[in-house]
Amino acid sequence: METLKFYNTLTRKKEVFKPLAPPVVTTYSCGPTVYSYAHMGNLRAYVFMDELRRTLKFAGYTTKSVMNITDVGHLTSDADDGEDKMQSAAKKQNKTPEEIAATYTAAFLKDLGRLNIIPPEIIAKATDNIPEMIAFVEKLVELGYGYEIDDGIYFDISKFDGYGKLSRCNLKDALAGARVAVNTQKRHPADFALWKKAEKNHIMQWQSPWGMGYPGWHIECSAMGKKYLGERFDIHTGGVDHIPIHHENEIAQSEALEGHQVVNTWMHNEFMMVDGGKMSKSLGNVYTIDDLIARGYSPLAFRYFCLNTHYRNKLNFTFDGMDGAKTAYERLRAAISACENAPAADDKTKATIQKCRDNITAAIFDDLNFPLALGEMWTLAKLPQCKEVYDTAKELDAVFGLDLHIPQEKQQDAVPDEIKELAEKRFAARKAKDFATSDALRKQLDELGYTVLDGKDGYEIKKK
Ligand code: AMP
Ligand code: ZN
């Protein structure tokens, strides 16, 4: 196994990474709140998660990674008031929260696929883990960290000595920084909800020892991390916006329950900005992958755009920047894929290729320095055309995920496996004269951008 170094937000240091139980590395990534389409800022967080997981695998580890899908409990305000984001979207669109969750979870998974993001081994929905969350909260109450008031169960941050250690703010700052307490029953203004009691008209609610209610947002990640990865795990990822509240609260809950440190390495991606401010759904300055595709950019050009800036630096989203990324990406891909049938290299070129390969792996093993690695990939692409350039780039693409060795035209014509599967199902339904199913599947394929042409004995599937 190779030596890796990662920057740990908890210690503010780049550290040599030592997994708890190699060759397995356990990781947890805060997943999306599925009340709307993911924007490019959110997707930057998952490109980063993917760079990390691909790097771990490339270095010889196997990953056991969890990502949650937040489909309940994330309120419109961080101060534990406001409406559940799922419920408010459901009302606006005249749908149930389950329908909203299903629509945007499917859209999110499709986005991951388009960006060549390998899905984590475990993708867990918050609503499938309510009993675990209730048990977690019960235990915190039993241990004296949780207390009940009229509208829910809260975490008493003054009981947890390490509160503030991730964001390096002390309890006094946390209290001063907290909004004016909406809820005067809370012991401290910055205490946060573990479980909320539901009003009658709250759509999503479950039976609990405290009556009908729903989980706080932070408890989801603590409970699912424990369930799937155990009482200690290697790495936790998320965007920097989560450091001061969400992750601080996760640490408080999990460490209070276990009585020891739970996560060894905390890794955070910086923001994607628009015009100097954070790209965010609530600010309305967001772009989705479909917006980019409509303007002629491929999802992988966006992946290149992300890789070209270190994950710990802010990245400003502009269409000029996307134009640059698109041109560079297409040139790099064309240069490398053109080497597929090129002749073998001479010894001097072979040595240069080996040096590039070493520089690339050294860069990514040093806290995922993909901008430096991409620069070396360019050095490789500028060498005289030879088979070894193609082979090396193909091998390294396991970590870049940019399909650099596949000519762009070929990929555009290729029909992905999931589409082939749908087309097969439709054909089987048609043969069985189940026209309702076959029509529904044709519609689904149509929405995904594929047309089915039926022939006498078979069918043909084409990209529209
Ligand atoms: P959310 O769906 O809001 O819970 O966010 C999903 C992930 O995207 C989290 O890890 C956030 O920290 C991250 N995120 C949200 N906005 C941005 C942004 N503008 N740039 C980078 N990451 C972001
Ligand atoms: Zn989380």
Side-chain angles (χ1 to χ4, degrees), residues 9 27-52 65-78 84-86 89 100-101 104-105 107-108 111-112 115 117 120 123-126 129 133 136 166-167 192 215-229 233 235-254 262-263 266-288 302 305-306 309-318:
T9 309
T27 77
Y28 188 98
S29 300
C30 288
T33 309
V34 283
Y35 69 105
S36 142
Y37 292 107
H39 59 70
M40 306 323 286
N42 299 135
L43 292 170
R44 182 183 193 202
Y46 301 107
V47 169
F48 156 61
M49 170 192 81
D50 191 52
E51 286 168 23
L52 171 66
S65 300
V66 178
M67 179 179 64
N68 62 293
I69 299 285
T70 299
D71 55 357
V72 65
H74 197 169
L75 304 187
T76 47
S77 147
D78 278 339
D84 189 300
K85 291 185 181 187
M86 298 301 299
I100 294 288
Y104 294 113
T105 303
F108 176 70
D111 286 350
L112 295 192
L115 286 165
I117 294 171
I123 298 183
K125 276 163 57 177
N129 290 279
M133 295 177 209
F136 206 114
L166 186 67
S167 50
F192 58 90
W217 171 39
H218 318 296
I219 200 73
E220 292 180 6
C221 292
S222 284
M224 290 191 267
K226 178 175 172 59
K227 174 174 172 183
Y228 295 106
L229 300 175
F233 55 92
I235 303 176
H236 196 311
T237 78
V240 286
D241 52 332
H242 285 344
I243 299 173
I245 299 174
H246 184 49
H247 289 166
E248 204 70 81
N249 294 350
E250 264 192 69
I251 291 180
Q253 297 164 150
S254 298
V262 172
V263 177
W266 284 88
M267 295 177 73
H268 293 96
N269 63 278
E270 251 297 349
F271 281 142
M272 172 151 288
M273 319 285 287
V274 182
D275 302 327
K278 181 192 166 194
M279 183 183 279
S280 114
K281 288 176 218 176
S282 50
L283 295 176
N285 59 0
V286 300
Y287 296 101
T288 62
F302 176 75
F305 180 66
C306 289
T309 296
H310 193 269
Y311 76 91
R312 285 196 288 118
N313 289 336
K314 290 192 174 68
L315 173 54
N316 203 25
F317 182 89
T318 61

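Whatever order the structure lists them in is the order used to number ligands and atoms, beginning at 1.
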- Give the residue, atom name and distance (to 0.1 Å) of the protein heavy atom nearest atom 10 (O) of ligand 1. Gly239 N, 3.1 Å

- Message: Which label fits Tyr46 and Phe108: parallel for a plane angle under 30°, tilted from 30 to 60°, or perpendicular past 60°?
- Response: perpendicular

- Message: To check your reading of the model: name the closest protein heavy atom to atom 19 (N) of ligand 1, its residue, and the distance in Å.
- Response: Met279 O, 2.8 Å

- Task: Report yes or no: does Glu248 contribute a side-chain atom to a donor-acceptor pair with the main-chain N or O of Leu166 at less than 3.5 Å?
- Result: yes

- Which protein heavy atom lies closest to atom 7 (C) of ligand 1, and at what distance to 0.1 Å? Tyr46 OH, 3.4 Å

- Item | Atom OH of Tyr37 with >12 non-hydrogen neighbours under 6.0 angstrom | no

- Query: In terms of atom number and element, which parts of ligand 1 are under 4.0 angstrom from non-hydrogen atoms of Asn269?
  - Reply: 21 (C), 22 (N)

- atom 14 (N) of ligand 1: the protein heavy-atom neighbour that sits closest, reported with distance to 0.1 Å: Asn42 ND2, 3.7 Å

- Give a yes/no verdict on whether any heavy atom in Gly238 is under 4.0 Å from an atom of ligand 1. yes

- Subset of ligand 1 atoms that lie under 4.0 Å from at least one heavy atom of Pro32: 2 (O)

- Item | For atom 20 (N) of ligand 1, closest protein heavy-atom neighbour | Met272 N, 2.7 Å

- Message: Heavy-atom pairs closer than 4.0 Å: do any link ligand 1 to the side chain of His242, the backbone, both, or neither?
- Response: side chain

- Item | Lys227, NZ: over 12 other non-hydrogen atoms inside 6.0 angstrom | yes

- Item | Protein-derived N, O or S atoms lying under 2.8 Å from the Zn ion (ligand 2), waters excluded | 3

- Task: Around atom 22 (N) of ligand 1, find the nearest protein heavy atom and jot down its residue, atom name and distance.
- Result: Gly41 O, 3.1 Å

- Message: Would the distance check show the side chain of Glu220 and the main-chain N or O of Asn68 forming a donor-acceptor pair, the cut-off being under 3.5 Å?
- Response: no

- Measure the distance from atom 13 (C) of ligand 1 to every protein heavy atom, then report the residue, atom name and distance (to 0.1 Å) of the closest one. Ala45 CB, 3.9 Å

- Closest to atom 2 (O) of ligand 1 among protein heavy atoms sits Thr33 N, 3.1 Å

- Shortest non-hydrogen separation from Asn316 to Met273 and the atoms involved: OD1-O, 3.3 Å

- Within the distance-only criterion (no hydrogens, no angle test), does the side chain of Arg44 pair as donor or acceptor with the backbone N or O of Phe271 below 3.5 angstrom? yes

- Task: Identify the heavy atoms of Ala223 and Met133 that sit nearest to each other, and give their distance.
- Result: CB-CG, 3.7 Å

- Task: Examine distances only and state if a side-chain atom of Thr237 and a backbone atom of Met49 form a donor-acceptor pair shorter than 3.5 Å.
- Result: no

- Query: Once the angle between the rings of Phe48 and Tyr311 is folded into 0 to 90°, is it parallel (under 30°), tilted (30 to 60°) or perpendicular (over 60°)?
  - Reply: parallel

- Item | Proximity of Asp241 to ligand 1 by residue part, where a heavy atom lies under 4.0 Å | side chain

- Task: Take every heavy atom of Glu270, measure it against each atom of ligand 1, and state whether any distance is under 4.0 Å.
- Result: yes

- With no hydrogens and no angle check, do the side chains of Glu250 and His242 hold a donor and an acceptor under 3.5 Å apart? no

- Message: Which residue in the set Phe192, Trp266, Trp217 passes ring-ring contact (aromatic ring centres under 6.0 Å, His included) when paired with His246?
- Response: Trp217

- Are His268 and ligand 1 in contact, using a heavy-atom cut-off of under 4.0 Å? no

- Message: If you compare all heavy atoms of His268 against all heavy atoms of Gly239, which two are closest, and at what distance to 0.1 Å?
- Response: CD2-O, 3.5 Å

